[in-house]
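Quick notes on the structure that follows.
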Amino acid sequence: MSEIALDNQVRQRCTRLGIEWYDEPLEHVDPNVASVIPAEQAIDHRLVPVRFEGDAVVVVMLDPLDLAAADEVAVLAQRPVVRCGMSPEPFKKLFETQYGTTAARMAESLRGDGGAEDIIDSNIEAIEADDLHRMAEQPTLINLVNLIILEAIKGRASDVHIEPFETELKIKYRVDGVLNEQTPPPRHLQPAIISRIKIMAGMNIAERFVPQDGHITLRFEGRKVDLRVSTVPTLYGESVVLRILDKGSLPLDLTELGMSDKDVKIMDRLLDVPHGMLLVSGPTGSGKTTTLYAGLQKIFSPELKIITIEDPVEYELHGVNQIPVNPKRGLTFASGLRSILRQDPDIIMVGEIRDGETAEIAVRSALTGHLVFSTIHTNDAVSAVTRLIDMGVEPFLVSSVLEGVLAQRLGRRICPHCRREVPMPDALTHRLSQSELALFNDKCYEGAGCEKCNESGYRGRIGFFEVLEINGPMRRAISQRMGALDILGEAHNTHLRMRTDGLIKAAAGRTTIDEVLRATQDAEEELQMTGGTKKS
């Protein structure tokens with residue numbers, strides 16, 4: 001159900017129950033009443049206290065029918081609660097008014113005169129674990145770390161980077177694949193901030209000289225968000241990266257990922273085969289696992305036994321048995337895959353084919369009647385075929401089980417709120433062929449920059465895809481150990497490479513030419529090094 005439909009349904013039920021509903025911002029809000037509810041609980045339950053009425057507190061909620069949230073507010077405020085409803089847009093502005101503290105403002109207020117920073121710079125290693133615990137449990141510090149994380153989630157960041165340098169501590173959010181630097185907190189808070197994150201992630205704060213991994217689970221606006229935490233020691237302290245795994249923002253639909261109708265139809269055919277192997281190729285961070293999850297969701301049925309083995313399990317899929325790799329305990333992709341075969345699966349997903357042993361077992365699993373999904377690191381689709389052979393898998397086995405390869409990249413999507421048409425820049429003209437220029441008719445699109453996209457001109461990401469469906473002539477070429485170009489030359493004449501797919505999307509105003517060329521450059525360079533291709 002869409003957000004608008006859900007909003008209307010809640011509004012109608014509130015009207016029947018006599019609960020007041022607001023479609024516009026409130027004229028009078030008591031700025032002091034917000035203190036009765038901590039910001040974390042207000043975010044979690046999607047509510048804002050706005051005024052007192054006698055002994056009661058009036059609370060505006062996105063979902064006034066959430067009685068559990070109202071009861072928790074009553075306990076926290078130690079007052080009866082009067083529930084009201086509000087539409088999402090005015091609610092967002094109301095929340096920012098009442099809980100307007102940002103990580104940037106808090107960091108600035110904690111900066112002080114900087115005298116303590118010079119003292120702590122040379123003594124970070126000497127701080128005792130007990131002192132780190134004490135520093136990390138300070139309420140102001142806890143609120144600062146919470147705000148850094150919550151603002152990253154609200155800003156659609158995929159990662160938070162905390163990087164220590166000689167004179168400053170940098171905070172960066174990766175949004176739509178690009179790092180954006182934030183207002184840094186004072187340098188002397190570095191040990192406390194990093195220790196607080198390590199406590200939240202269940203890591204050892206006394207150990208500061210070896211890499212560590214941890215995990216944080218929290219709730220944001222009613223949904224569960226997982227954070228994978230990684231620390232490594234650097235010259236000036238520990239560098240921390242938090243990978244945000246927000247299932248609520250994960251599009252598990254091939255069309256939503258940006259796949260064209262033509263490619264979706266090919267993928268549907270590949271997903272419908274009873275057995276065989278489907279590979280997704282691309283570099284780290286190109287969205288391969290998300291695409292495989294979307295495929296699994298598309299074919300999920302209670303009648304099928306689906307098992308995955310991943311490193312790590314990024315998102316929990318309903319009804320799917322997911323196994324996390326644990327090399328320390330002897331659970332690798334290869335050993336786990338052998339055990340999975342004894343579980344009577346119908347569909348198997350292997351997080352990544354990294355070595356010949358895993359490749360051999362995965363191929364033989366597909367040969368014995370299983371549908372196997374996996375990822376592989378190659379620059380384009382046809383190179384995945386030769387990579388399997390290079391790993392030691394016999395060509396006749398590859399030709400027998402491989403049904404298709406999907407190569408992909410991610411590019412930034414033009415913000416739909418500030419998109420505009422502009423003349424084709426001369427700087428881009430010489431980078432495109434005549435057939436590619438014909439797609440644009442001397443015009444292209446860009447984002448002007450607006451409040452919705454933080455003046456970047458981009459909002460969200462879109463996939464550029466190359467779907468290679470293995471046909472009869474290609475199987476013969478594979479079994480005869482032909483090269484990648486010869487195999488690709490046997491592809492259907494409607495086959496499109498990633499660059500072409502991306503440029504078609506740029507011509508439609510969904511992304512920019514620069515984004516397409518940046519994302520697909522490595523795949524095209526590899527083709528040029530091997531002498532081009534027989535078919536476009």
Side-chain angles (χ1 to χ4, degrees), residues 3 25 39 42-43 46 62 87-109 111 143-163 168-185 220-221 223 225 227 240-246 248-251 256-258 285 287 290 409-422 444-464 505-506 509-519:
E3 185 177 326
I43 291 172
R46 297 177 292 174
L62 271 181
S87 299
E89 280 303 316
F91 179 85
K92 180 180 178 182
K93 295 177 181 177
L94 174 64
F95 190 93
E96 291 173 353
T97 300
Q98 290 293 78
Y99 296 99
T101 302
T102 66
R105 284 205 290 268
M106 181 174 283
E108 198 63 40
S109 69
R111 189 165 299 282
N143 288 336
L144 174 60
V145 172
N146 289 346
L147 277 170
I148 289 172
I149 295 173
L150 292 174
E151 285 190 352
I153 298 172
K154 284 172 63 179
R156 303 180 296 105
S158 61
D159 304 85
V160 179
H161 293 245
I162 302 175
E163 302 173 341
E168 62 181 338
L169 179 67
K170 290 185 179 290
I171 305 287
K172 300 175 183 177
Y173 296 162
R174 187 179 294 280
V175 180
D176 297 334
V178 178
L179 282 175
N180 299 311
E181 196 165 332
Q182 308 299 307
T183 302
F220 176 77
E221 295 183 348
R223 65 182 187 268
V225 178
L227 292 92
V240 182
V241 175
L242 297 88
R243 169 63 57 89
I244 299 171
L245 304 174
D246 184 0
S249 65
L250 183 71
E256 286 185 44
L257 293 174
T290 301
R409 298 290 188 279
L410 290 177
R412 289 181 290 175
R413 194 187 294 260
I414 294 177
C415 174
H417 304 283
C418 61
R419 183 181 67 179
R420 64 185 179 188
E421 185 179 299
V422 295
C444 58
Y445 295 89
E446 67 178 16
C450 65
E451 186 182 78
K452 297 282 187 182
C453 61
N454 291 324
E455 305 301 329
S456 69
Y458 297 98
R459 183 174 176 84
R461 292 204 274 180
I462 187 170
F464 309 139
K505 288 164 182 169
R510 302 173 71 186
T511 187
T512 63
I513 297 173
D514 280 327
E515 282 295 296
V516 176
L517 299 181
R518 177 191 60 79

Does any N or O in the side chain of Glu181 come within less than 3.5 Å of the main-chain N or O of Leu179, such that one atom is a donor and the other an acceptor? no
Note: Cys415 and Cys450 closest approach over all heavy atoms is SG-SG, 3.7 Å
Which pair of heavy atoms, one from Ile513 and one from Ala506, lies closest together, and at what distance? N-CB, 4.0 Å
Where Pro90 and Pro25 come nearest, the two heavy atoms and their spacing: CB-N, 3.9 Å
May I ask you to check whether over 12 heavy atoms, not counting those of Glu421, lie within 6.0 Å of atom CD? yes
When rounded to the nearest 0.5 angstrom, what is the spacing between CG in Asn180 and NZ in Lys172? 10.5 Å
Can you check whether Ile153 reaches Ile244 side chain to side chain, under 4.5 Å on heavy atoms? yes
Is the backbone of Ile462 close enough, under 3.5 Å, to the side chain of Arg510 for a donor and an acceptor to pair up by distance? no
Run the side-chain hydrogen bond (donor to acceptor under 3.5 Å, both in side chains) test against Asp176 and tell me which residues pass, sequence neighbours left out. Arg156
Can you find a pair of side-chain heavy atoms, one from Tyr458 and one from Val175, that are under 4.5 Å apart? no
Test salt bridge (Lys or Arg N to Asp or Glu O under 4.0 Å) on Lys154 and Glu151; report intermediate values, then the result. CA-CA 5 Å; Lys154 284 172 63 179; Glu151 285 190 352; over 6 Å; no
Flag the pair Asp159 / Arg243 as yes when at least one side-chain heavy-atom distance between them is below 4.5 Å, and no otherwise. yes
Ionic contact status for Lys92 with Glu89, cut-off 4.0 Å: no
Does the Lys170 side chain pair with the main chain of His161, one donor and one acceptor, at a distance under 3.5 Å? no
Nearest 0.5 Å, what's the OG1-CD1 distance between Thr511 and Ile414? 6.0 Å
For Ala519 versus Leu410, what's the shortest heavy-atom pair and its separation? CB-O, 3.8 Å
Closest heavy-atom pair, Leu147 versus Tyr173, reported as atoms and distance to 0.1 Å, is O-OH, 4.5 Å
Under 3.5 Å donor-acceptor, Lys452 side chain and Arg459 backbone: no
Donor-acceptor pair, side chain of Glu515 and main chain of Arg412, under 3.5 angstrom: yes
How long is the straight-line distance from SG of Cys418 back to CD of Glu455, given to the nearest 0.5 Å? 8.0 Å
Scan Ile148, Val240, Leu227 and name whichever one has a side-chain contact (heavy atoms from CB on, under 4.5 Å) with Val160. Ile148
So which atom in Arg461 and which in Gly285 form the shortest heavy-atom distance, rounded to 0.1 Å? NH1-O, 4.3 Å
